[in-house]
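To start, the structure itself, in structure tokens.
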2 protein chains.
Amino acid sequence: MDNTARKPTLKDVAALSGVSVISASRVMRDAPNISHQLRQKVEQAAVAIGYQRNRIAGSLRGKTTDLIAVIVPSMSNDVFPNIVDGIDDALKGSSLRLVLGMTKYDDTSEEAILRDMLTWNPAGVILSGLEHSDNTKEMLADFSGPIVQVMDIDGDAIDMAVGISMQEAGVLIAQHLFARGYRRIGYVGAWGERPTRSLKRRLAFEAELARLGAPIIASVILDQASSMQGGADGLKQLLARNLGIDAVFFANDDLAMGALFYCQTHGISVPHDLALAGYNGLEICHSITPHLTTIATPRYEMGHLAGTLIRNQRNGAASPAQKTIRMAQNLIVGGTT
Amino acid sequence: MDNTARKPTLKDVAALSGVSVISASRVMRDAPNISHQLRQKVEQAAVAIGYQRNRIAGSLRGKTTDLIAVIVPSMSNDVFPNIVDGIDDALKGSSLRLVLGMTKYDDTSEEAILRDMLTWNPAGVILSGLEHSDNTKEMLADFSGPIVQVMDIDGDAIDMAVGISMQEAGVLIAQHLFARGYRRIGYVGAWGERPTRSLKRRLAFEAELARLGAPIIASVILDQASSMQGGADGLKQLLARNLGIDAVFFANDDLAMGALFYCQTHGISVPHDLALAGYNGLEICHSITPHLTTIATPRYEMGHLAGTLIRNQRNGAASPAQKTIRMAQNLIVGGTT
DNA sequence: AACTATATTGGTAACGTTGTCATTTATAAT
DNA sequence: ATTATAAATGACAACGTTACCAATATAGTT
């Protein structure tokens with residue numbers, strides 16, 4: 001349409017409605033102590049000339065923006081889209097908006113993204129996991145707004161943390177497999193275990209198995225991204241070693257599903273010949289037959305809570321007494337173990 | 001750490017390095033024609049006092065931010081996370097950053113999000129689909145930056161469009177099912193067909209079937225979100241009508257997978273008793289046995305191209321001659337048809 | 001040496017809003 | 001009617017940067 005014309009500003013609204021600029025400003029942002037009369041005049045004028053607020057200008061004066069920096073590893077992933085969905089829903093109805101960056105599980109990249117995002121003076125920062133580079137930690141320490149680390153709570157939070165215990169997850173699965181009578185247990189991971197969360201899970205898993213007297217037999221950590229194909233490949237590698245493995249814990253459901261399909265097409269009876277367990281509790285676990293044994297993680301809920309925490313502090317609420325919030329994860333026993 | 005101290009500004013950097021503010025500014029944003037000497041002095045000073053750019057201030061002067069508004073229906077979804085991943089990758093290395101909003105397939109919500117995002121003066125807008133409310137269209141028309149509509153190209157683009165032909169998809173599947181000999185064909189959709197893309201697919205599918213002389217027998221459009229469970233439910237409803245249906249096209253792979261699992265556990269032989277086809281080409285289609293017949297869509301690539309188009313225009317490139325870019329989608333014939 | 005073109009630096013004035021303080025007007029209390 | 005108090009409005013400056021234009025230094029030409 002009319003791209004040449006200058007965008008209307010508060011000045012224009014003020015001029016048209018015959019009030020001062022600052023009064024127009026007050027109306028536009030619902031400040032207190034405005035007469036009904038004035039409000040009407042201004043609103044009418046604003047609509048008439050199609051006035052749109054300029055948050056940039058407002059933020060410059062106000063020191064901080066309504067942007068929330070959200071840094072996650074990737075979107076092509078089982079868990080982070082749900083988290084982001086949760087965050088966005090929690091922000092709904094507020095003036096806060098989410099700015100997204102993806103690290104691809106790379107610390108240097110995380111650092112660069114955070115550095116860039118901080119130049120926007122965000123109202124808060126949400127990032128995943130508790131492990132970060134020194135530079136990242138330093139930047140966060142200098143940041144004055146609320147910070148929420150999601151997913152992981154096994155470690156020290158910089159400000160707030162919302163997550164599940166990876167430690168607990170590993171123990172849960174180890175105990176379950178042991179209780180079921182499996183004694184020759186293996187593990188398959190991916191991403192070269194760069195997400196330290198899966199590493200924490202595996203270590204706890206191994207420690208618990210050892211404690212129970214059935215130490216882990218073998219592990220395969222794929223370097224590639226997690227995928228169903230990877231799960232099949234990992235399992236194949238594990239079985240090729242002929243160690244008599246009777247159960248395998250996978251770093252996530254994708255890998256486990258791929259392995260399950262592999263078994264189904266290669267005459268390996270699950271769980272009779274081999275038991276399988278995954279992690280995350282994706283819908284497909286309960287849709288397939290047999291149902292996949294897994295641990296359901298509250299992904300959406302973690303995101304939602306993280307968003308809510310930021311939002312509350314934005315609204316002047318004190319930082320919560322409980323800075324680290326542990327969410328529940330549930331072992332879902334399917335027919336694969 | 002030290003939250004009380006005022007953040008260092010360009011003025012501080014300039015003072016310390018003994019140059020003018022504007023020169024310091026030039027160094028910080030890599031402007032041309034800077035002597036090595038000056039650059040060194042300024043960079044050194046910036047590091048020394050821990051200077052961080054304030055993009056807000058810069059954007060106010062510069063009229064537009066380095067933010068790209070991205071509006072999608074949802075993240076808990078098969079397609080949009082991949083698109084967002086593609087966009088982000090395309091933006092990597094530039095100063096552009098992605099601001100995300102989710103509509104939940106609601107036009108009013110889309111409108112509100114866009115209105116809000118425009119107050120940040122974004123450098124570009126990416127949104128999904130070609131159908132929008134009048135208000136949304138009006139706001140976009142008034143927006144002076146590049147706009148890319150992703151996913152769909154069957155219709156008129158506001159500025160640029162990157163997508164696949166839903167029309168073509170419907171025809172492809174219809175022809176495939178017909179060629180395979182199926183004549184009593186049904187359809188299952190979800191979300192109350194609010195994503196008009198699935199509607200377009202179905203209409204083209206039905207039209208082609210009619211043209212071929214095997215008009216569609218029945219359809220079920222679920223109101224709920226798309227899910228595997230939904231696919232099973234939809235199929236169940238369809239079969240309950242006892243219409244002798246021999247093939248079903250599903251709005252997406254999730255639904256189709258759910259239906260496939262349902263068949264497998266209810267003694268329905270696929271494809272002998274019933275053929276199934278999905279849409280999207282998720283990895284699971286080729287992992288499961290039988291492989292699911294589907295259409296592979298270039299989700300990541302669409303996002304990447306959308307991001308690249310915005311980025312190019314940001315860099316001063318002329319708007320491309322071809323404003324609507326049709327991407328390829330491939331029928332992948334599995335064992336379910 | 002005089003002159004032109006180019007590279008480098010600086011000064012000033014916005015950008016559009018809102019925090020702070022001042023002023024006016026309305027309302028309540030004597 | 002008068003004073004005290006609160007509500008409503010306004011003026012001004014400042015937020016930190018960069019666009020624009022001017023000035024100076026340097027290199028290249030004849």
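Lettering of chains follows the sequences in order, A, B, ..., and the numbering in each one begins at 1.
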Under 4.0 Å: is that the gap between some side-chain N or O of A:Ser23 and OP1 or OP2 of D:dG10?
-> yes
Take B:Arg39 and B:Asp30 through the test salt bridge (charged side-chain N to carboxylate O under 4.0 Å, His left out) and record every step on the way to the result.
-> CA-CA 9 Å; B:Arg39 152 156 280 124; B:Asp30 281 315; 3.0 Å; yes
Passing candidate, side chain to side chain donor-acceptor pair (under 3.5 Å) with B:Tyr300, options B:Asn82, B:Asp89, B:Asp85 | B:Asp89
A:Arg29 vs C:dG19: side-chain N/O to OP1/OP2 distance below 4.0 Å = yes
Within a radius of less than 6.0 Å around CG of A:Asn315, do more than 12 heavy atoms belonging to other residues, nucleotides or ligands occur?
-> yes
For C:dT18, does OP1 or OP2 lie under 4.0 Å from any side-chain N or O of A:Arg53?
-> yes
Quick one: does B:Arg115's side chain have a donor or acceptor within less than 3.5 Å of a partner on B:Asn135's backbone?
-> no
Do any side-chain nitrogens or oxygens of B:Ser35 fall under 4.0 Å of OP1 or OP2 in C:dT9?
-> yes
Provide, to the nearest angstrom, the distance between the CE atom belonging to A:Met28 and the C1' atom belonging to C:dG16.
-> 13 Å
Any idea which of D:dT18, C:dG10, D:dC15 is nearest the B:Leu10 side chain?
-> D:dT18
Between D:dA19, D:dT17, C:dT17, which one does the side chain of B:Ile22 approach most closely?
-> D:dA19
Phosphate contact (D:dG10 OP1 or OP2) by A:Ser20 side-chain N/O below 4.0 Å = yes
Quick one: is A:Ser25 getting a side-chain N or O under 4.0 Å of the C:dT18 phosphate, OP1 or OP2?
-> yes
For B:Lys11, look at atom NZ and say whether over 12 heavy atoms of other residues, nucleotides or ligands are found less than 6.0 Å away.
-> no
Out of C:dG16, D:dG10, D:dC20, minimum distance to the side chain of B:Arg26 belongs to D:dC20
Taking CD from B:Gln37 and P from C:dT9, how many angstroms apart are they, rounded to a whole number?
-> 8 Å
Could you check whether B:Leu38 gets within reach of a base, just the sugar-phosphate, or nothing at all, counting any heavy atom under 4.0 Å?
-> sugar-phosphate
Short side-chain N/O contact from B:Asn33 to OP1 or OP2 of C:dA7, under 4.0 Å | no
Indicate whether OP1 or OP2 belonging to D:dT17 is found under 4.0 Å from a side-chain N or O atom of A:Arg61.
-> no
When we call it a touch if two heavy atoms are under 4.0 Å apart, what does B:Gly62 touch: a base, just sugar-phosphate, or nothing?
-> nothing
To the nearest Å, give me how far apart CG (B:Asp66) and P (D:dT17) are.
-> 15 Å
